[in-house]
Number of protein chains: 2
Amino acid sequence: MLPSLTGLSYIAGEWVKPTGQPTFNAYNPATNELLPTQYYEADQTLVDLAAEKAQSAFSEYRLLSAKQRSNFLSAMARQLQQLGPGIIEQAINETALPETRLTSELQRTINQLKLFADLLTQGLDLYPIIDQASPNRQPLPKPDIRQTQIPIGPVAVFGASNFPLAFSVAGGDTASALAAGCPVIVKGHPLHPGTSEFVTYAIDLAIKETAMPAGIFSLLQGQQHSLSELLVKQPAIKAVGFTGSLLAGRHLYNLACERPEPIPFFGELAASNPVFILPDALKQQHENIADNLCKSFTLNAGQFCTKPGLVVVMEDENLSTFIETLKKLCAQQPAQTMLSASIYQHYIQQCDKRQSIPGVITLASGRPSQGNNQAQVQLLSTSAKHFLKHPHLENELFGPTTLLIICTDEDELFAITDQLSGQLTASIFQQQNTPLVEQLMLRIQQRVGRIIFNAFPTGVEVNHAMHHGGPYPATTNSHFTSVGSQAIQRFLQPCCYQNTPDELLPPALQNANPLKLWRLVDGKLTQAGW
Amino acid sequence: MLPSLTGLSYIAGEWVKPTGQPTFNAYNPATNELLPTQYYEADQTLVDLAAEKAQSAFSEYRLLSAKQRSNFLSAMARQLQQLGPGIIEQAINETALPETRLTSELQRTINQLKLFADLLTQGLDLYPIIDQASPNRQPLPKPDIRQTQIPIGPVAVFGASNFPLAFSVAGGDTASALAAGCPVIVKGHPLHPGTSEFVTYAIDLAIKETAMPAGIFSLLQGQQHSLSELLVKQPAIKAVGFTGSLLAGRHLYNLACERPEPIPFFGELAASNPVFILPDALKQQHENIADNLCKSFTLNAGQFCTKPGLVVVMEDENLSTFIETLKKLCAQQPAQTMLSASIYQHYIQQCDKRQSIPGVITLASGRPSQGNNQAQVQLLSTSAKHFLKHPHLENELFGPTTLLIICTDEDELFAITDQLSGQLTASIFQQQNTPLVEQLMLRIQQRVGRIIFNAFPTGVEVNHAMHHGGPYPATTNSHFTSVGSQAIQRFLQPCCYQNTPDELLPPALQNANPLKLWRLVDGKLTQAGW
């Protein structure tokens, strides 16, 4: 069903070859062999063309009904389902991620599209508010004021290396922006350009099937940082969705803020996702916790933004048993191929660096590497005192390693909590709801997007209540999530209508309430119309 | 009831004098006479002290019930009401704004506090979302996920010169931040330091009356830019609310983005609030429109962020009558004292500059200045062609002047619409809902926060549906408003709880729904508990 790969960028329905630009190839990180297709580096001309097409499509796309956009997202989901096997095969070659993982990631990607399609049919994104007029109010008549959400404009999306489907070309950022009514220009991740091209092919079919304006989607292929910079600086771009490293993300965030017209940059950058295991939990279920911790931090070679990278425990009679169990489990873990040679090299270097710090002990190492770019599991530990003196130990270390931090008392535990910077998640393992648990939760909640009880953070539900965010550096904007239905809010902005004739109002605000939405009318939620 | 002015800053319940710093005086712009009190310029030590106290108060304040915070805001409103006459007298001396205006501004300030007090009792700020667990889901059990809003942390507020009460020490930014559960540090505007001190005195009484932690409020007095910079860079500050000029606002916005931990900067900067008067409206009600336009752009010497600074009309048989009427009205307008000598000088210079551009005609000038800092009304006009060639004519010109732009056809009108940068408002005067009106509204809505039919933008309702915002440069963050109850969202961020024991959850998320809130449970809005 899938055609041959072309290596081209896709601009508003056309596959386009830039003139006189360098090319690059993807490679299989399991073999270090180059894959055959040559990808052409997109240039300024293509960025501007994609932006112009997006701008022009926006004036049409934003006026489509929610139902029409919902149908389009459903068509995307169907096309991805249909082309799934070929897409997954390509993604395996480009990422070395296991087939089971990619199969479930594809399903998640499809479910995300369906979630937004469903959200649109229910109008849960519009938050209509109406304050009715009161012509006899003194000293001045009260006007009729109504508010709802409208799309912000063309959005640039940067795919992540570690989620070639769910956080890439048709991932959560793209799905939420398209759902909001915003055209999307994706800068594909250079580690999986073939996967990006195939997913774009599926999107192209969905655009044609539902007769959407072609300019609502473009894919730019490239591996040079300058391409990313051009895209963020393009004046037609009104918001950016980014998942990636702190270094690259902060750089692009800065560019977004420095534009003549600054734009919101929704970046998900770095997290170490602290896990607090309290003594009563350790006593009751140390084997279970050790087993699941080992599984969580080594899953897919620890290449998750939600990998638990810090494990805080208290000195206690059960601690040594827990550590012994954990060491045994970790020692048995096979090395796993990472996403790329450079990611693997970075892991090796950063592990070496951390292991050479006096006061950091290597408790266990997994089985040695047997092939290209295979990362060995490393279980490290240090004292709370030491951790508090070396705050950089908090930094995310991408790969199958975690750092056990041993506290001698609750004061140390709280000191760690208060020193942490922004995190996506924190986990608390406990049995009883003691004052310690409550105190810990109240302190940590200012520093994280999600608090998890008795479970590890890997595995992010895609639903209405999920918040995949948190204070910097977890994200660049703690008001918003990049996972779950609320992610659509990033690409919407309020528009307010005063004394506007009913027939000119968007349906969400019309007197009769034709969409049967819940609306805040004069301070009360109601589905009534009049 | 009010004590004598001290010239001191107020840090967490204490009036504090910085050591060895320069002082400044306010002056009465109507007389150019210095007012007697010397104000001490706050320094780094005071900024850090206020931040430390705010941080420490935050851990207590954020845990208070909504009812307690609501009571505090109500107490602030009562104290302001009680001390109102003295506050207004001081504000007249410092701003030369008329008593009637300041009386209604005080009432608005009080109403804002009451609006947030009321919002808190209803829990309309919390947006609770619950997706319940499904332990039998395949392939993995579905966890229980819940989300609500929590306060972001200490907030810096910058008062505006033109609203010494409603956008200053106890204005909308302060009210919404305190309502959200965030401590506030205000950098008082140096043009009305006595008003700031008196309002702080009222807040101090409210803090003591309701036994709030003292560190939730501080006022820093100062006139040097460096004080503003220190405050924005202070690490404990987690968000900024700012109303002021494009120049100062953009500078502080940049600093907020450049911090090691960037923070959201909610700045309301510049707008020219275009008014489109369509031929059918001109035909039916040209006298009424001319009268209200003249009143709107000259109100309080045109010193409003919502002053209509651009008036777009079509060449038409009724246009000359309209213009003649408007000219007569404008010529009768008295000169009015502006807020300060430098604001007045800026107005004079910018008017001169604009009037000297070939193609810009002065249609009418108001009565000449009779005293210090009195701005003469200036009614200017130009052709659409000329306006399109000189985009800087769009820039806000603070003061009693407006620019009439005459279009020869609809294409020119749309070209103007499409060239405009972000605006707080746009007004449309029409009689019939023609395709022209619809097209105009659909185009302009991407560039403004509020669309107004058949009325001028001055006079901003404070309610749930109001959106006082818009794309840059109207604001630095088009997702949020600085007026109305939704303003609280700027100082809240989501926190998500997974598999959390019911008794540890915030009340908004507990099974029983003790606050009787509307919650999105499994995708449906309900007030039910279980």
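Chain identifiers are assigned alphabetically (A, B, ...) following the order of the sequence lines, protein sequences preceding nucleic acid strands; residue numbering begins at 1 within each chain.
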Fill in the blank from the handout: When the 4.5 angstrom heavy-atom criterion is applied to A:E503 and chain B, the contacting part is side chain
Practice task
Flag the one option from A:E438, A:H468, A:M441 with the top tally of heavy-atom pairs under 4.5 Å to chain B.
Solution key: A:M441
Exercise for the section: Select one option (side chain, backbone, both, neither) describing which atoms of B:L124 are under 4.5 Å from chain A's heavy atoms. Expected result: side chain
Practice task
Answer with side chain, backbone, both or neither: which region of B:P264 has an atom nearer than 4.5 Å to a non-hydrogen atom of chain A?
Solution key: side chain
Practice task
Examine whether an atom of B:N463 lies under 4.5 Å from a heavy atom of chain A, and if so say whether it belongs to the side chain, the backbone or both; otherwise answer neither.
Solution key: both
Practice task
Establish, for the pair A:R443 and A:F414, whether the NZ or CZ atom is under 6.0 angstrom from the six-membered ring centre and no further than 45 degrees off its axis.
Solution key: yes
Problem - A:E60 atom CD: more than 12 heavy-atom contacts under 6.0 Å - result: no
Problem - Closest non-hydrogen atom pair, B:H464 against B:Q486 - result: O-CG, 3.5 Å
Problem - Residue pair A:Q122, A:D118: steps toward the side chain to side chain donor-acceptor pair (under 3.5 Å) verdict - result: CA-CA 6 Å; A:Q122 292 184 74; A:D118 190 49; 3.1 Å; yes
Practice task
Side chain from CB out, backbone as N, CA, C, O: work out which of these in B:R447 comes under 4.5 Å of a heavy atom of chain A, or both, or neither.
Solution key: neither
Fill in the blank from the handout: Most heavy-atom pairs under 4.5 Å with chain B, out of A:N499, A:V437, A:T500, A:D522, belong to A:T500
Practice task
Compute both the distance and the angle, then confirm whether A:R250 meets the cation-pi test with A:Y253: under 6.0 Å from the six-membered ring centre, within 45 degrees of the axis.
Solution key: no
Practice task
Using non-hydrogen atoms and a 4.5 Å limit, figure out which bit of B:Q445 sits close to chain A: side chain, backbone, both or neither.
Solution key: both
Problem - Aromatic centroids of B:F266 and A:H479 separated by under 6.0 Å - result: yes
Problem - Pairing of A:D144 and A:R146 as salt bridge, 4.0 angstrom limit - result: yes
Exercise for the section: Report, as yes or no, whether the 6.0 Å neighbourhood of atom CD on A:Q432 holds more than 12 heavy atoms from other residues, nucleotides or ligands. Expected result: no
Exercise for the section: Please state whether the side chain, the backbone, both or neither of A:L442 comes within less than 4.5 Å of a heavy atom of chain B. Expected result: both
Exercise for the section: Identify which part of A:I152 has an atom lying under 4.5 Å from any heavy atom of chain B, answering side chain, backbone, both or neither. Expected result: both
Practice task
Could you please spell out the steps behind the side chain to side chain donor-acceptor pair (under 3.5 Å) verdict for B:Q446 and A:R62?
Solution key: CA-CA 10 Å; B:Q446 290 304 132; A:R62 69 187 171 94; 3.3 Å; yes
Fill in the blank from the handout: Under 4.5 Å to a heavy atom of chain A? For B:I452 that would be both
Fill in the blank from the handout: Nearest heavy-atom contact between B:C495 and B:I150 is CB-CD1, 3.8 Å
Handout entry: Max heavy-atom pair count under 4.5 Å with chain B, selected residue of A:Y472, A:Y127, A:F58
Key = A:Y472
Problem - Residue selection (most heavy-atom pairs with chain B, distance under 4.5 Å) from A:G484, A:G449, A:G153 - result: A:G449
Handout entry: Region of B:I145 in contact with chain A, defined by heavy-atom distances below 4.5 Å
Key = both
Fill in the blank from the handout: Ranking A:K238, A:Q527, A:R259 by heavy-atom pairs under 4.5 Å to chain B gives rank one to A:R259
Handout entry: Structural part of B:P473 lying under 4.5 Å from a heavy atom of chain A
Key = neither
Problem - A:P128 versus chain B, the contacting section by heavy-atom distance below 4.5 Å - result: neither
Practice task
Compute the centroid of each ring, for B:F480 and then for B:H467, and state whether the two points are separated by less than 6.0 Å.
Solution key: no
Exercise for the section: Below 4.5 Å from any heavy atom of chain A, which atoms of B:Q149 appear? Answer side chain, backbone, both or neither. Expected result: neither
